[in-house]
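Working notes for the structure below.
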Amino acid sequence: RELVSNVIRHAKATRVGVSIKVRQGWLSMKLSDDGVGPAQTAAVAVTPGHGHGLRNLERRVADLGGNWSMRESRPGTLVEIDLPIAGDGGRA
């Protein structure tokens, strides 16, 4: 939800795509948009009242033993998140 909210608020995107897959005990999510990209939205993150969402997302993913990345995808941004699925034998 945090990522979609960021696209709406900051990316100036007209499209956003989300894919979710479960494979071998991991949940993988990709979110992409056709907005201005992370370099141009980074300035917003350092203005007062902004910037906690991605830091909180990073902390929550780390707390769950996962990893994430955010990079420019031309156009826009690509975010990838991988989280281990505990105790389900790889089934969602």
Side-chain angles (χ1 to χ4, degrees):
R1 186 174 84 177
E2 178 63 36
L3 294 171
V4 173
S5 294
N6 278 354
V7 170
I8 293 167
R9 281 182 280 183
H10 307 301
K12 300 177 184 169
T14 59
R15 303 184 120 201
V16 63
V18 177
S19 70
I20 299 172
K21 294 180 182 179
V22 175
R23 188 177 355 181
Q24 299 175 339
W26 286 83
L27 180 129
S28 297
M29 184 189 88
K30 291 183 181 183
L31 183 137
S32 60
D33 67 60
D34 65 350
V36 296
Q40 293 193 27
T41 59
V44 174
V46 296
T47 59
H50 293 87
H52 299 288
L54 291 178
R55 278 180 264 186
N56 289 337
L57 173 68
E58 181 176 26
R59 180 185 48 78
R60 291 190 308 256
V61 168
D63 287 349
L64 292 169
N67 54 68
W68 81 291
S69 66
M70 180 173 70
R71 66 182 189 272
E72 189 169 343
S73 66
R74 295 199 180 161
T77 303
L78 173 65
V79 176
E80 297 176 294
I81 299 175
D82 294 305
L83 297 171
I85 301 172
D88 73 349
R91 296 179 303 272

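If you read the sequence from its start, that first residue is 1, and numbering goes on from there. This one's a predicted model, so the numbers in the text were calculated from it and none came from an experiment.
A salt bridge does not link E2 with R55: every distance from a Lys NZ or Arg NE/NH1/NH2 to an Asp or Glu carboxylate oxygen is 4.0 Å or more.
Considering only residues two or more places apart in sequence or on other chains, S19 meets the side-chain contact (heavy atoms from CB on, under 4.5 Å) condition with K30. Judged as a side-chain contact (heavy atoms from CB on, under 4.5 Å), and not counting sequence neighbours, the contacts of I20 are V18, L27, M29.
Interatomic distance, I81 CD1 to E58 CD, rounded to the nearest 0.5 Å: 11.0 Å. Once rounded to the nearest 0.5 Å, the distance linking CG of L78 with OG of S32 reads 6.0 Å.
Between R60 and L57, the closest side-chain pair of non-hydrogen atoms falls below 4.5 Å.
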Let me have the donor-acceptor pairs involving side chains of residues 63-75, under 3.5 Å, with sequence neighbours excluded, atom names and distances please.
residue: R71; atom: NH1; partner: E80; partner atom: OE1; Å: 2.8
residue: S73; atom: OG; partner: P75; partner atom: O; Å: 3.1
residue: S73; atom: OG; partner: T77; partner atom: N; Å: 3.4

>> Test side-chain contact (heavy atoms from CB on, under 4.5 Å) on L54 and L3; report intermediate values, then the result.
In response: CA-CA 8 Å; L54 291 178; L3 294 171; 3.9 Å; yes
